[in-house]
Amino acid sequence: MSKVATRFAPSPTGALHIGGVRTALFNWLYTKNQNGTFHLRIEDTDKERSKEEYKLQIIKSLKWIGIEHDGDEYIQSKKIDDHIKVANELLKNGNAYKCYCSTEEIEEQKKRAKQKKIPYVYDRKWRDVDEKDCPKNIKPVIRFKSKIDGSSLLKDLVQGDVQIENNSIEDFIILRNDGTPTYNLSVTVDDHQMGMTHIIRGDDHKINTFKQIQIYLAMGWEVPKFAHIPLIHTLEGKKLSKRDNASTLDDYSKIGIMPDALRNYLLRLGWSYQDKEIFTLDESIKFFNLEGIGKSPSKLDISRILSMNEHYIKTIDENDLYTNLVNYCEIYKDKINTQKETKIKSSLSFLKNKAKTLEDIFNNAKYIILDEVKFNEDDLKLIDNKAKKIINEFQNEIKSLESLNKENLEPIINKLIKQNETNFKGVGQPLRIALTGSKFGPGLYDIFISLGKDDVEQRLGKIL
RNA sequence: GGUCCCUUCGUCUAUCGGUUAGGACAGCUGGUUUUCAUCCUGCAAAGGGGGGUUCGAUUCCCCCAGGGACCGCCA
């Protein structure tokens with residue numbers, strides 16, 4: 001038994017789609033579990049739409065979630081000559097033939113079939129025509145001589161046995177009339193040359209598999225094992241497409257979803273291991289298997305992603321959380337000044353209790369991260385004369401204090417409540433707004449302590 | 001339309017013939033609480049329909065219905 005080798009083969013025609021990320025994850029996890037190798041193939045033969053920047057973005061996205069491929073990436077467009085060679089070989093050994101039908105001719109046939117409401121299949125017009133009877137002035141396409149009789153069985157590792165009548169697979173084109181290879185040929189040749197043992201890919205490729213297997217067989221190559229995983233659907237139940245909102249990785253990272261949380265969510269979307277919900281990276285490698293993959297498509301649910309992220313925010317090491325926060329803020333928000341590191345780190349224990357995302361943490365920590373308090377008009381209105389009086393009294397009370405802590409602040413707050421014949425809110429809210437610019441946020445004592453005496457005095461002074 | 005696949009709480013799922021059908025998220029209660037949260041109680045919530053097989057079906061088989069994927073000289 002040869003060592004397991006898998007691949008992820010995206011086409012660089014756009015940002016990486018979350019369904020693609022899951023496919024990559026499953027391949028990678030399976031490979032790690034089996035101690036094999038995981039490869040990345042860039043299917044860039046669509047010259048019109050493929051872009052180098054997308055390739056880079058794909059690699060970056062995979063890396064973000066923790067996936068790195070073995071070896072260099074395999075660039076499909078560089079292997080076109082090999083694909084053509086195989087097509088010619090297929091032609092030579094009688095498994096393929098030249099078809100001289102024009103595009104118009106085919107279109108016409110399709111149209112007619114549609115009118116008659118019968119399924120269109122290419123009529124194999126040139127399948128058995130002798131070479132000497134063929135026109136010389138038309139550039140032909142090369143079609144694969146697909147099996148007509150009997151049926152084929154795919155022993156799919158996820159879907160189980162899938163059987164299909166051979167005559168439902170038409171003589172598909174493997175070489176266009178401009179001499180370039182088509183998808184099914186290229187994929188098969190590449191997978192073979194790359195030595196792939198397991199092809200784990202989306203369900204939408206299932207029918208292609210029957211075509212590809214025939215090429216393997218015709219070339220006398222070893223056929224890899226296939227596992228077709230169900231697609232991810234939108235909440236409406238449709239195939240996730242690039243046009244759908246929030247379906248690229250970036251959409252999630254920019255709202256402050258952490259890579260590990262998304263990895264865990266994606267792992268459990270369509271795969272399960274008893275009742276276990278939370279998997280560390282090591283655990284996901286250790287427990288991942290193909291048997292745990294379900295057969296029915298699953299829907300993408302943002303609330304579960306959020307709660308998974310919340311769970312990771314609350315449970316991971318605070319140093320790791322801080323690193324995640326710094327990385328996040330640098331890309332999407334204001335860069336965190338390293339001088340603020342100590343203050344923020346020590347505040348994480350209460351900041352994270354109010355956060356589902358890194359963005360939430362950023363918002364709650366804004367008053368520390370930013371040097372200037374940003375007020376909004378409505379909140380500022382709450383600082384009336386009465387409020388100012390309270391703030392002033394508070395200033396006087398803390399003057400003599402060495403530093404601020406809950407023990408020495410609590411009596412002061414209580415005193416002020418009594419003095420002004422009000423409640424906690426009456427004292428707390430003006431102070432909170434003066435210090436953070438917001439009615440909401442961390443506990444009042446947490447704010448004082450995290451800011452420190454100097455900052456508190458300075459900010460309170462400013463508002464009076 | 002043809003071919004293939006799928007069908008357990010709203011969502012992700014457990015169950016590999018015998019369970020009060022379990023868990024998680026979301027939802028809704030109640031409690032703690034200094035705003036907002038967190039945290040802790042509890043509640044509600046599911047086998048698409050119809051036939052079989054069996055002592056017994058969510059589980060095995062068939063039919064129907066619903067949903068999905070594919071049907072390019074795109075990948």
Side-chain angles (χ1 to χ4, degrees), chain A residues 9-13 43-46 48-50 76 99 101-103 106-107 110 113-114 116-121 139-143 154 156 158-160 162-165 167-170 172-184 186-187 202-208 210 228 230-231 233 235 237-239 265 268-278 291-292 294-308 310-311 314 350-356 360 364 410 413 417 423-425 427-429 432-433 436 438-447:
Chain A
S11 51
T13 54
E43 305 203 330
D44 59 342
T45 51
D46 184 339
E48 301 283 303
R49 297 189 299 149
S50 295
Q76 187 165 62
C99 164
C101 292
S102 64
T103 316
I106 300 287
E107 286 305 315
K110 281 186 186 170
K114 207 170 182 182
K116 286 191 197 161
K117 292 199 164 158
I118 53 170
Y120 165 77
V121 241
K139 285 209 93 179
V141 298
I142 312 287
R143 283 182 187 269
L154 167 64
D156 195 282
V158 168
Q159 307 280 329
V162 183
Q163 198 165 30
I164 196 172
E165 295 298 315
N167 63 19
S168 71
I169 297 167
E170 68 168 5
F172 55 98
I173 294 168
I174 53 176
L175 226 52
R176 303 182 182 97
N177 64 4
D178 66 0
T180 57
T182 60
Y183 173 74
N184 281 299
S186 296
V187 164
D203 214 356
D204 46 347
H205 287 289
K206 202 159 57 191
I207 301 298
N208 285 329
F210 289 94
H228 288 94
L231 301 175
H233 283 176
L235 247 16
K238 301 284 183 222
K239 178 184 175 180
Y265 170 77
R268 281 285 287 97
L269 189 66
W271 180 83
S272 62
Y273 186 80
Q274 292 158 11
D275 275 344
K276 196 169 164 59
E277 301 281 352
I278 306 300
E291 295 77 53
K295 286 180 156 197
S296 51
S298 34
K299 290 173 185 153
L300 200 63
D301 184 354
I302 185 68
S303 76
R304 284 180 65 86
I305 298 178
L306 251 17
S307 71
M308 183 64 80
E310 185 181 7
H311 177 267
K314 297 216 167 92
F350 63 83
L351 288 173
K352 68 183 181 185
N353 280 336
K354 302 171 190 304
K356 278 182 155 58
D360 292 341
N364 281 324
E410 203 161 20
I413 298 289
I417 292 173
N423 54 17
F424 187 92
K425 193 180 171 189
V427 173
Q429 197 172 67
R432 172 190 298 283
I433 292 172
T436 70
S438 171
K439 278 191 288 188
F440 311 113
L444 194 57
Y445 297 112
D446 287 331
I447 294 173

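Keep in mind it's a predicted model, so treat the numbers as computed, not measured. The chains referred to below are lettered A, B, ... by the order of the sequence lines, with proteins before strands, and numbering in each begins at 1.
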With sequence neighbours left out, write down each residue that passes side chain to side chain contact (heavy atoms under 4.5 Å, CB included) with E48(A), or none if nothing qualifies. D46(A)
The side chain of T45(A) lies closest to which of these nucleotides: U38(B), A69(B), A75(B)? A75(B)
May I have the distance from I173(A) (atom CD1) to C71(B) (atom P), rounded to whole angstrom? 14 Å
Check this one for me: any side-chain N or O of S272(A) less than 4.0 Å away from OP1 or OP2 of A14(B)? yes
When the P atoms of U8(B) and A46(B) are compared, how many Å lie between them, rounded to an integer? 14 Å
For G1(B), which nucleotide in any strand shown is its Watson-Crick or wobble partner with both distances under 3.5 Å? C71(B)
Who pairs with A65(B) - Watson-Crick or G-U, where each distance is under 3.5 Å: U7(B)
In whole Å, measure the gap between the C1' atoms of U41(B) and G31(B) for me. 7 Å
Assign Y445(A) to base, sugar-phosphate, or nothing according to its heavy-atom contacts below 4.0 angstrom with the strands shown. base
Ring centres of Y265(A) and H311(A) under 6.0 Å apart? no
Have a look at E165(A) and say if it touches a base, only the backbone sugar-phosphate, or nothing, with a 4.0 Å heavy-atom cut-off. nothing
Starting at atom CG of D44(A), determine the distance to atom C1' of C74(B), rounded to an integer number of angstrom. 13 Å
Considering only the P atoms, how many Å lie between G23(B) and G30(B), rounded to the nearest integer? 23 Å
Determine the Euclidean distance between corresponding P atoms of A26(B) and U11(B); express it in Å to zero decimal places. 16 Å
With sequence neighbours excluded, what pairs up with D204(A) under the salt bridge (Lys or Arg N to Asp or Glu O under 4.0 Å) test? K239(A)
Atom CG of D275(A) and atom P of G22(B) are separated, to the nearest Å, by 11 Å
Touch check for K352(A), heavy atoms < 4.0 angstrom, all strands: base, sugar-phosphate only, or nothing? nothing
Please list, chain by chain and in numerical order, all residues satisfying ring-ring contact (aromatic ring centres under 6.0 Å, His included) with F350(A), sequence neighbours excluded. none
Return the value, rounded to whole Å, for the distance between atom CD1 of I305(A) and atom P of C25(B). 16 Å
What N/O pairs connect the protein and nucleotides 7-12 of chain B at under 3.5 Å? Give each pair on its own line.
from, atom 1, to, atom 2, distance (Å)
U11(B), O2', D301(A), OD2, 3.4
C12(B), OP1, K299(A), N, 2.8
C12(B), O2', R268(A), O, 2.8

H205(A) has a side chain; which of U3(B), C25(B), A75(B) sits nearest to it? A75(B)
Can you check the distance between C39(B) and U58(B), where both ends of the measurement are the P atom (answer in whole Å)? 37 Å
Between A14(B) and U54(B), how far apart are the C1' atoms? Round to whole Å, please. 25 Å
Validation row: M308(A), I278(A) side chains within 4.5 angstrom (heavy atoms): yes
In whole angstrom, what separates L231(A)'s CG from C4(B)'s P? 18 Å
Take atom P in C9(B) and the same atom in G22(B), then report the distance between them in whole Å. 14 Å
For K354(A), all residues meeting side-chain hydrogen bond (donor to acceptor under 3.5 Å, both in side chains), sequence neighbours excluded: none
5′-ward residue of the pair R432(A)/R176(A) relative to RNA chain B: R432(A)
Under 4.0 Å between any heavy atoms, over every strand shown, what does N177(A) touch: base, sugar-phosphate, or nothing? Just pick one. base
Those residues that, when tested against K139(A), pass side chain to side chain contact (heavy atoms under 4.5 Å, CB included) (two or more places apart): N177(A)
Rounded to the nearest 0.5 Å, what separates atom CD1 in I169(A) from atom CD1 in I207(A)? 7.5 Å
I'd like a table of atom pairs between the protein and nucleotides 41-44 of chain B - only N or O on both sides, under 3.5 Å - with the distance next to each one.
none

Residues in salt bridge (Lys or Arg N to Asp or Glu O under 4.0 Å) contact with E43(A), at least two apart in sequence or another chain: R41(A)
What distance, rounded to whole Å, do you find between the two C1' atoms, one in C16(B) and one in A21(B)? 15 Å
Can you check whether I174(A) reaches N184(A) side chain to side chain, under 4.5 Å on heavy atoms? no
F424(A) CZ to U34(B) C1', in whole Å, measures 4 Å
Taking any heavy-atom pair under 4.0 Å as a contact, classify G441(A): base, sugar-phosphate, or nothing. base
Name all residues meeting the side chain to side chain contact (heavy atoms under 4.5 Å, CB included) criterion together with D178(A); count only those two or more places apart in sequence or in a different chain, and write none if there are none. R176(A), T180(A)
Rounded to the nearest Å, what distance is computed from the NZ atom of residue K356(A) to the C1' atom of nucleotide C36(B)? 12 Å
Nucleotide C36(B), atom P - distance to CD1 of I447(A) in whole Å: 13 Å
By nearest-heavy-atom nucleotide on RNA chain B, the more 5' of N353(A) and Q163(A) is Q163(A)
